[in-house]
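Remarks on the structure that follows.
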Amino acid sequence: MLKAKTCRFFLQIATQSLLISFLSADVDECAEALDSCSMDAICQNTLKSYKCICKSGYKGDGKHCEDIDECASEYNGGCVHECINIPGNYRCTCYDGFRLAHDGHNCLDVDECAEGNGGCQQICVNMMGSYECRCRDGFLLSDNQHTCIQRPKDVPTCMDKNHGCAHICRETPKGSIACECRPGFQLTKNSRDCKLTCNYGNGGCQHICEEMDHGPRCSCHMKFALHSDGKTCVGEFSLHHTTPPGQLLQLQSRHLTVFTMCVCVCQSQLFCAPL
Ligand SMILES: [Ca+2]
Ligand SMILES: [Ca+2]
C-alpha cells in the first residue's frame, strides 16, 4: 500500500517536470532561419517567439524595412555641398575644387598651388574653390592659362598689352579684337571684364553659391556663419572659441546671426552679447 503511494508521488513529479520542460522549450527562429524578418532587419530571439528590428539607416516594422533617404530632408543630410543617398546610409560629396573634410560633411578648398605650383609656369594664386596662374611683369598669360609669354611691343593685336581683355583676347576675322572669358565666367557689359559665376569653383563660395546680378553671393549651411571675407564659412564653435560674449566681433556682415551663446547685432561692426 505504501509502495503504491510512493510510486504515484514520483509519477506525479515526473509528469509535472515533463510538462514544464515542454512548455519552456524554445526554438531559436533566428538561428534556424524560420523568421520572417526583412533582409534589412536584425532578428532577435525571444522566449517562444522572436523580434525583427530594422537595421540602422532603415525604417519599418522589421518585417518590411525601407531605406531612409537622409538627403531628402531640408538639412540635406548635413552635407554642405551634395548629398547622395545609398541603401542604409548616405554620403556627402563636394564640388570640383573642394575636398571632403574629415567630418564627412563639410567641404574644404583644395590648395591646387601646393602641388607642382598648380601647373603654373610662374605664379600660382590659390582661391576658394579654384586657383589662377599669373605672370610676372613683362609677361602675358597664354590661352592655356598656365604658361606665360613675353609681352611683345607695338603690335596692334591681342598681343598688345592695351587690348584690355580681363581673360582671353581673340582676334576676329575683321581685324578687330574680341574679349572672352574663361569657363565659369561671364563677360560684363563693358565687353572686357569677366565676372565669376557659381559654375566655376562654386563662385568662390565655400558652401552655398547664389547667382545675383552683380555676381555670386555666398551663404553658409546651418551651424556655420559667413566670414568677413564673404566666402569662407566659420563653424559656430570656432566663433565662440575666438570671440567670448561681450567682445567685439570683427565681422563685416549684413546678416543678423543668432548663436546659442551670443547674439550678434548687425551694424558696420558686430557686437557679441550674452543671450
Ligand atoms: Ca539612405
Ligand atoms: Ca583652391
Side-chain angles (χ1 to χ4, degrees), residues 37-42 52-135 141 144-148 166-167 181-185 194-210 215-222 224 226-235 238:
C37 293
S38 158
M39 288 257 292
D40 301 314
I42 294 161
C52 301
I53 303 153
C54 290
K55 289 177 187 168
S56 101
Y58 292 88
K59 59 182 176 187
D61 61 4
K63 301 238 189 302
H64 300 96
C65 299
E66 63 169 315
D67 170 56
I68 298 166
D69 185 354
E70 294 87 351
C71 303
S73 73
E74 199 186 330
Y75 188 45
N76 196 35
C79 303
V80 302
H81 284 182
E82 287 176 312
C83 180
I84 296 169
N85 182 47
I86 51 174
N89 211 338
Y90 69 101
R91 63 189 172 89
C92 303
T93 57
C94 299
Y95 305 140
D96 285 350
F98 293 87
R99 64 182 171 83
L100 199 64
H102 287 303
D103 65 10
H105 291 81
N106 199 8
C107 293
L108 307 172
D109 172 56
V110 173
D111 183 359
E112 293 87 352
C113 300
E115 204 173 307
N117 199 37
C120 302
Q121 189 183 4
Q122 293 186 359
I123 304 157
C124 181
V125 180
N126 182 46
M127 292 182 287
M128 180 68 79
S130 64
Y131 72 104
E132 199 174 87
C133 298
R134 291 182 193 167
C135 300
L141 192 66
N144 65 23
Q145 305 302 321
H146 286 80
T147 55
C148 296
H167 283 182
C181 298
R182 293 200 290 271
F185 290 81
C194 295
K195 64 174 184 182
L196 188 63
T197 67
C198 292
N199 296 330
Y200 179 69
N202 200 34
C205 302
Q206 187 178 5
H207 284 187
I208 302 160
C209 182
E210 201 186 341
R217 187 175 70 185
C218 303
S219 58
C220 299
H221 270 259
M222 287 157 73
F224 290 87
L226 194 68
H227 186 266
S228 58
D229 68 6
K231 299 168 187 299
T232 311
C233 294
V234 189
S238 54

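Because the structure is predicted, anything quoted here is derived from the model rather than measured. Numbering of ligands and ligand atoms starts at 1, following listing order.
Taking backbone and side-chain atoms together, E112 has an N/O/S atom less than 3.0 Å away from the Ca ion (ligand 2). Here G88 fails the criterion, with no N, O or S atom under 3.0 Å of the Ca ion (ligand 1). Look at M128 and the Ca ion (ligand 2): no N/O/S atom of the residue is under 3.0 Å from the metal. For a distance bound of 3.0 Å, the N, O or S atoms of D67 include one lying that close to the Ca ion (ligand 1). Backbone or side-chain N, O or S atoms of S130 reach the Ca ion (ligand 2) at under 3.0 Å.
With hydrogens and angles ignored, the 3.5 Å screen pairs a side-chain donor or acceptor of N117 with a backbone N or O of Q122.
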For H207 and N106, run side-chain hydrogen bond (donor to acceptor under 3.5 Å, both in side chains): C-alpha distance rounded to whole Å, both residues' side-chain angles, the deciding distance at 0.1 Å, then the answer. CA-CA 8 Å; H207 284 187; N106 199 8; 2.7 Å; yes
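Of the two cysteines examined, C92 and C79, the SG atoms meet the criterion of being under 2.5 Å apart. Taken as a pair, C113 and C124 meet the criterion of an SG-SG distance shorter than 2.5 angstrom.
The salt bridge (Lys or Arg N to Asp or Glu O under 4.0 Å) analysis of residues 108-134, with sequence neighbours excluded, yields the pairs E132-R134, E132-R182.
In summary, of the residues considered (L226, I208, V234, T232), a side-chain contact (heavy atoms from CB on, under 4.5 Å) with C220 occurs for L226 alone.
Rounding to 10 degrees, one finds that the Ca ion (ligand 1) sits at the corner of an angle of 90° between I68 O and N85 OD1. For the pair O of V110 and OD1 of N126, the angle at the Ca ion (ligand 2) is about 90°; rounding is to 10 degrees. Take the Ca ion (ligand 1) as the corner point: the lines to OE1 of E70 and to O of N89 open at 80°, to the nearest 10 degrees.
Counted within 6.0 Å of NE2 on H146, heavy atoms from surrounding residues, nucleotides or ligands total more than 12; the atom is thus considered enclosed.
Here the N, O or S atom of D109 that is nearest to the Ca ion (ligand 2) is OD1.
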